[in-house]
2 protein chains.
Amino acid sequence: MGPASFNSSDYVVLGMVGLGARSGYEIKQTVELSIRFFWTISPAQVYPSLGKLERAGLLLGRDEPQGNRPRRVYERTPAGTLALRDWLKRAEPMPFELRDIAMVKLFFADALESADARQLLAQIKSRSAERVVTLEAIRPGAEEAARAGSTHPLLTLELGIAFHQAMLEVCRRFERCPSEITART
Amino acid sequence: MGPASFNSSDYVVLGMVGLGARSGYEIKQTVELSIRFFWTISPAQVYPSLGKLERAGLLLGRDEPQGNRPRRVYERTPAGTLALRDWLKRAEPMPFELRDIAMVKLFFADALESADARQLLAQIKSRSAERVVTLEAIRPGAEEAARAGSTHPLLTLELGIAFHQAMLEVCRRFERCPSEITART
DNA sequence: GGTAACATGTAAGCGGTTACATGATTAG
DNA sequence: CTAATCATGTAACCGCTTACATGTTACC
């Protein structure tokens with residue numbers, strides 16, 4: 001076996017442990033509450049990742065059961081912190097790659113009757129509207145963290161809000177007048 | 001063997017054949033020029049898809065070599081058109097799911113020295129800037145198609161441009177003043 | 001006594017990418 | 001002559017999701 005190599009999800013786990021998520025369960029939860037907007041991870045990935053990171057010496061785990069309920073908590077080692085920083089600085093291609101069936105369907109929507117096409121657009125609009133609401137709900141926490149010195153979670157949150165709001169505006173404009181859309185700034 | 005079932009990429013292929021992309025090669029190219037912003041597909045997917053769709057009677061293929069260069073072209077059958085419309089109308093969950101390593105890194109960037117964090121932000125900014133440029137380059141064609149009655153490709157293009165521009169603005173704001181970001185409308 | 005949340009994990013399978021393999025044609 | 005583009009395909013592999021399996025604890 002060569003030196004262990006890690007993928008992005010492994011680094012996400014490593015990063016989340018540093019932010020206070022101690023068990024696999026907490027890591028999954030924290031991801032849902034913070035970066036879900038641009039990254040997800042399932043339990044089936046988290047636990048193998050934790051094992052891998054521990055074997056590599058980037059995490060230190062110990063059993064800390066709650067009563068009879070088994071539980072293993074982790075902390076990041078100095079080597080783990082270095083490895084995370086190293087990854088964050090590492091130059092690697094980071095293309096923006098979205099895979100969105102809804103947009104694909106919208107692209108082909110000229111093949112539909114206009115009522116169906118309008119319905120599709122309405123779905124995409126409400127999806128973004130809902131997303132804005134959930135993201136706004138997270139904001140107070142992120143703002144507090146920002147005041148305490150961690151500004152980047154708020155920044156990524158703002159990015160998410162801004163871009164769903166931008167999509168909302170385009171949808172509204174098109175709903176009002178499908179042809180006017182060409183007359184853009 | 002039960003009835004063939006198709007995934008999203010299969011329907012993308014089916015849709016592109018209807019828009020005039022006749023061979024596997026052309027389909028791949030057309031995807032790059034139109035929906036690449038929210039969907040990609042590789043040759044290793046296109047060719048098996050074409051076979052599957054043909055066996056199911058949704059596409060009709062015939063060999064049309066150019067000289068000695070082998071080439072197989074396809075057209076959509078009426079059944080194929082129905083199947084596409086059916087898929088477009090089908091109610092299915094279409095969550096907005098982005099996977100973006102760059103945003104993940106930005107989220108964790110408080111662990112970096114500020115020079116490195118700023119560099120990361122600059123990368124994300126220029127990535128969106130470049131994307132806006134490439135999308136704007138496609139716009140004239142999409143506008144012409146819109147005038148000819150196909151408005152939805154232009155709509156999805158506008159969505160892409162709008163949301164990268166929104167990201168750009170947030171990045172610029174944060175670059176100017178990282179703390180001011182909380183004082184948003 | 002039941003439901004929700006806590007907690008950890010495995011197995012199978014899907015969808016997709018990368019790398020490879022092959023060869024023809026066109027433009028410089 | 002050589003590089004770019006046209007054109008089609010396969011094999012191996014990776015990352016991730018889904019479904020499953022198991023059991024505990026807290027709350028109503």
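Atom set for the values below is all heavy atoms of this structure, side chains included, hydrogens, waters and symmetry mates excluded. Residue numbers begin at 1 in each chain, while the letters A, B, ... track the order of the sequences.
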Notebook entry, point to check: Atom OH of A:Y25 and atom C1' of C:dG9: how far apart are they, to the nearest Å?
Noted result: 14 Å
Item checked: Side-chain N,O (A:S49) to OP1/OP2 (D:dG15) below 4.0 Å -> no
Check: Toward the 5' end of DNA chain C, which comes first, B:W39 or A:G24, by nearest nucleotide?
Finding: A:G24
Next item on the list: Return the value, rounded to whole Å, for the distance between atom OH of B:Y11 and atom C1' of C:dG15.
Entry: 16 Å
Note to self: Measuring from the side chain of A:Q45 (C-beta onward, heavy atoms only), which nucleotide among D:dT17, D:dT8, D:dT24 has the closest atom?
What the structure shows: D:dT17
Margin query: Is the phosphate of D:dC16 approached by A:S9 (side-chain N or O, under 4.0 Å from OP1 or OP2)?
Written below: yes
Notebook entry, point to check: When the distance from OH of A:Y47 to C1' of C:dA11 is rounded to whole Å, what number comes out?
Noted result: 17 Å
Margin query: Nearest whole Å is fine: how far is D:dG9 P from B:I41 CD1?
Written below: 14 Å
Notebook entry, point to check: With no hydrogens and no angle check, do the side chains of B:R85 and B:T81 hold a donor and an acceptor under 3.5 Å apart?
Noted result: no
Notebook entry, point to check: Closest to the B:Q66 side chain: D:dT18, C:dT25, D:dA7?
Noted result: D:dA7
Check: So, is B:S42 close to the C:dG15 phosphate, meaning a side-chain N or O under 4.0 Å from OP1 or OP2?
Finding: no
Next item on the list: Rounded to the nearest angstrom, tell me the gap between atom CD in B:E64 and atom C1' in C:dA24.
Entry: 16 Å
Item checked: Short N-O contact, B:R172 and B:E169, less than 4.0 angstrom -> no
Next item on the list: Can you tell me the distance, in whole Å, between the CZ atom of A:F6 and the P atom of D:dG15?
Entry: 12 Å
Notebook entry, point to check: Is B:R62 salt-bridged to B:E75, going by a charged N under 4.0 Å from an acidic O?
Noted result: yes
Checklist line | Interatomic distance, B:Y74 OH vs D:dA7 P [rounded to whole Å] | finding: 13 Å
Note to self: Which nucleotide wins on minimum distance to the side chain of A:R71, given the candidates C:dT17, C:dA7, D:dT18?
What the structure shows: C:dA7
Next item on the list: Report the relative orientation of the aromatic rings in B:F163 and B:F96; use parallel for angles under 30°, tilted for 30 to 60°, perpendicular for over 60°.
Entry: perpendicular
Notebook entry, point to check: Hey, which of these two, B:Q29 or B:A44, hits DNA chain D nearer its 5' end, going by closest nucleotide?
Noted result: B:Q29
Next item on the list: Return the 5'-most residue of the pair B:L50, A:R69 with respect to DNA chain D, ranking by each residue's nearest nucleotide.
Entry: B:L50
Check: Rounded to whole angstrom units, what separation is found between the CZ atom of A:R22 and the P atom of C:dA7?
Finding: 10 Å
Notebook entry, point to check: Side chain of B:S23: nearest nucleotide among D:dT8, D:dC16, C:dT17?
Noted result: D:dT8
Notebook entry, point to check: Do the charged groups of B:R71 and B:E26 touch, with an N to O distance under 4.0 Å?
Noted result: yes
Next item on the list: Would you mind classifying the nucleic acid contact of B:S8 as base, sugar-phosphate or nothing, using non-hydrogen atoms under 4.0 angstrom?
Entry: nothing
